[in-house]
There are 2 protein chains.
Amino acid sequence: MKQDILNAACSKCSLSETCMPQGFSSDGMTKLSAIVATRLRIRQGQSLFKAGDPFASLYVIRSGFFKTSLTESDGREQILGFQMVGELIGLDGIVNESHSCNAKALEDSEVCAIPYTDLERLSKEHSALQHHMHQVMSHEIVRENGVLMLLGNMKAEERLATFLLNLAQRQHVRGFSQSELQLRMTREEIGMYLGIKLETVSRLFSKFSAEGSIDVKKRYVKILNPAYLKSIGDKQPHL
Amino acid sequence: MKQDILNAACSKCSLSETCMPQGFSSDGMTKLSAIVATRLRIRQGQSLFKAGDPFASLYVIRSGFFKTSLTESDGREQILGFQMVGELIGLDGIVNESHSCNAKALEDSEVCAIPYTDLERLSKEHSALQHHMHQVMSHEIVRENGVLMLLGNMKAEERLATFLLNLAQRQHVRGFSQSELQLRMTREEIGMYLGIKLETVSRLFSKFSAEGSIDVKKRYVKILNPAYLKSIGDKQPHL
DNA sequence: CGGAACATTGAGAGGGATCAATGGACGTGG
DNA sequence: CCACGTCCATTGATCCCTCTCAATGTTCCG
């Protein structure tokens, strides 16, 4: 895993609002900046870490796009989530001091590595940071709860619609378009996340497109009728 | 939600090994014991909290059995997990200071309520406690990752087998039988957890029983052939 | 230009859902 | 003590959503 190491400077970072607790003292900010010493460059297709790797740091995505996944002994892969700018990866490693999932870059990316022991030490002095960590972890739990609902109760059509709307919404929060998506993952990866096969994903894209709900051209997707996509679950019986 | 309030004493509690960080100072133990002031009695069918309730405390199960679930606006319910003695409930509430899921007792139960603000304050002074909290949250994330794999990649048969083995294993860790289960939930609730219908659950119980893998009599289940149940995923193509 | 990776589309099969009927267990009230 | 209703579990018949297998098309890159 070859990586370029850059220098990080949290105080100048445009992500400081998402990444840092709000109301964080400038003293705390300086110290946090000090421990976030390294910024890594991960190329498309490279792994940030793999299941079994020793856990040392959490990673904040500076730029780029990742997937995290779990691989069974027999090769089956479940994608746990797609992470974009400002999101955190690596929380799975804390329990056993080794990672239990894989994190792979779906495009050339940069991440800030936050050494976990340093972070723990610093969060002891700064309540805001401590609370922020709890919030981030709780947020991840709540996010996964939503995915459980998706996988346990929704049909393929509703899953894909939910997925597209979620991507668009997260982009929107980051100041990008709410309706236009440039997908970073293959149909197969979408399927591995949604618990359906790639052919089903492809068929549904075609179906949505034929209905006029979206406009698809390979990885480019434009959401034309978000209200309809949201309502898919209402109109059909459930899984 | 009527609840009896009892007094708690962590230092005397038989759960202190699971509940407390190892290597926790006796001073810390005493202080933690002080904030875990209340022990609640929740009867079968009662809710400990519901989605939307303000978040105040985490809860450790002293005795009994719970389910946590997410309810969609249209009434669909996804069970997120079943919790038994020594396990923690309520982490979902930290992010938004209100709970996002429901927690209901499946049998008469007792829980220790740990006020969250007190816990945060105390964990500032005690690194071991702080680290313990991180581990517990990370553990929950890793657990949910496993459920995602189950829902996303496994067929019904494998899901149910995995579920039974998981229950048995957790019982075993707590000193109970590794092979005999007294289920606390209905077939429908098992299905709502595994993403399948209650009829399918029932049919699979019958199938496993006919194969000699388990012995079923209503809520009583005895695992006769754990190795076979573990291997179900190998022999059939996946979802 | 040819190959690899990705995407689309069709035909057929199958696993689980759905609809429906039956039976046991349990508690309540006559 | 039995009758009755309710809740839960079992089992059958049928349907349909999604998987599987397969062929073809597109894009990109060596």
Side-chain angles (χ1 to χ4, degrees), chain A residues 43-45 67 76-79 104 106-107 150-161 163 181-211 214-221 232-233 235-239, chain B residues 43-45 67 76-78 104 106-107 150-161 163-164 181-211 214-221 232-233 235-239:
Chain A
R43 301 235 195 88
Q44 182 173 52
K67 69 170 178 182
R76 279 181 284 182
E77 186 175 339
Q78 174 67 36
I79 292 185
K104 179 176 276 196
L106 295 184
E107 61 179 351
L150 183 140
L151 291 177
N153 275 300
M154 296 182 185
K155 300 211 181 188
E157 215 175 320
E158 195 180 358
R159 295 185 198 188
L160 185 61
F163 170 70
L181 299 171
Q182 196 62 50
L183 300 177
R184 308 300 181 187
M185 71 296 284
T186 66
R187 303 291 193 256
E188 185 177 24
E189 286 168 326
I190 296 175
M192 282 169 18
Y193 175 61
L194 298 177
I196 55 186
K197 291 290 151 186
L198 67 102
E199 294 95 330
T200 304
V201 175
S202 185
R203 274 184 249 271
L204 290 176
F205 271 127
S206 300
K207 179 160 187 269
F208 287 164
S209 181
E211 291 167 352
I214 63 174
D215 195 18
V216 201
K217 211 162 286 166
K218 301 287 170 193
R219 302 275 182 105
Y220 168 85
V221 176
I232 284 180
K235 298 191 303 301
Q236 61 181 342
H238 322 129
L239 180 68
Chain B
R43 302 238 192 85
Q44 182 173 50
K67 68 170 178 182
R76 278 180 287 181
E77 186 176 339
Q78 174 66 34
K104 180 176 275 196
L106 294 185
E107 62 179 351
L150 184 141
L151 291 176
N153 275 301
M154 296 181 187
K155 298 209 182 190
E157 215 176 316
E158 195 180 0
R159 295 187 199 187
L160 185 61
F163 170 70
L164 291 175
L181 299 171
Q182 196 61 49
L183 300 178
R184 308 301 182 188
M185 71 296 282
T186 67
R187 303 292 193 254
E188 185 176 24
E189 286 168 325
I190 296 174
M192 283 171 11
Y193 175 60
L194 298 177
I196 56 185
K197 292 288 150 184
L198 69 102
E199 296 94 331
T200 304
V201 175
S202 185
R203 273 184 248 272
L204 290 176
F205 271 127
S206 301
K207 180 159 186 272
F208 287 164
S209 180
E211 291 167 351
I214 64 174
D215 195 20
V216 202
K217 210 161 285 163
K218 301 288 168 193
R219 303 276 180 104
Y220 167 84
V221 176
I232 284 180
K235 297 189 307 298
Q236 60 181 340
H238 323 127
L239 181 69

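Below, read A as the first sequence line, B as the second, and so on, with proteins coming before strands; counting in each chain starts at 1.
- Distance CD (E188(A)) to P (dA4(C)): 17 Å, rounded to an integer number of Å.
- Salt-bridge formation is detected for the pair R76(A)/E158(B): a Lys NZ or Arg NE/NH1/NH2 atom is positioned less than 4.0 Å from an Asp or Glu carboxylate oxygen.
- In this structure, CG of L198(A) is placed 15 Å from C1' of dT24(D), rounded to the nearest angstrom.
- One interatomic measurement links the two molecules: CE of M185(B) to C1' of dA9(D), which rounds to 15 Å at whole-angstrom precision.
- Side-chain proximity of K197(A) to the nucleotides dT20(D), dT8(C), dT18(D) is greatest for dT20(D).
- Of the charged side-chain nitrogens involved, at least one lies within less than 4.0 Å of a carboxylate oxygen, so that E77(B) and K67(B) count as a salt-bridged pair.
- Neither OP1 nor OP2 of dA9(D) sits under 4.0 Å from any side-chain N or O of S202(B).
- For R187(A), the side-chain atoms get nearest to dT8(C) when compared with the rest of dG16(C), dT8(C), dC8(D).
- Rounded to whole angstrom, the span from the CZ atom of R219(A) across to the C1' atom of dT26(D) amounts to 13 Å.
- The side chain of K155(B) has dG15(C) as its nearest neighbour among dG15(C), dT10(D), dC17(D).
- A straight line from NZ of K207(B) to P of dT10(D) spans 16 Å, rounded to a whole angstrom.
- Using a 4.0 Å cut-off between charged nitrogen and carboxylate oxygen, K207(A) and E211(A) count as a salt-bridge pair.
- Taking atom OH of residue Y220(A) and atom C1' of nucleotide dA7(C), one finds them 18 Å apart after rounding to whole Å.
- E199(A) contributes a side-chain N or O that forms a donor-acceptor pair with the base of dC21(D) under 3.5 Å.
- Side-chain to base pairing of E157(A) with dC17(D): no donor and acceptor N or O lie closer than 3.5 Å to each other.
- In terms of modelled atom types and a separation under 3.5 Å, the side chain of R159(A) and the main chain of L194(A) share a donor-acceptor contact.
- Across all strands shown, I196(A) has heavy atoms under 4.0 Å from sugar-phosphate atoms exclusively, and none from any base.
- At the phosphate of dG15(C), neither OP1 nor OP2 sits under 4.0 Å from any side-chain N or O atom of T200(B).
- Within the 3.5 Å criterion, the main-chain N or O of K218(A) finds a donor-acceptor partner in the side chain of R187(A).
- Atom CD in E189(A) sits about 14 Å away from atom P in dA5(C), given to the nearest Å.
- Close to dG24(C), at under 4.0 Å from its OP1 or OP2, lies no side-chain N or O of K218(B).
- At a cut-off of 3.5 angstrom, the base of dT18(C) holds at least one donor-acceptor pair with the side chain of R203(B).
- Look at CG on L183(A): it is 10 Å from P on dT8(C), rounded to the nearest Å.
- For S206(A), a side-chain nitrogen or oxygen approaches OP1 or OP2 of dT9(C) to under 4.0 Å.
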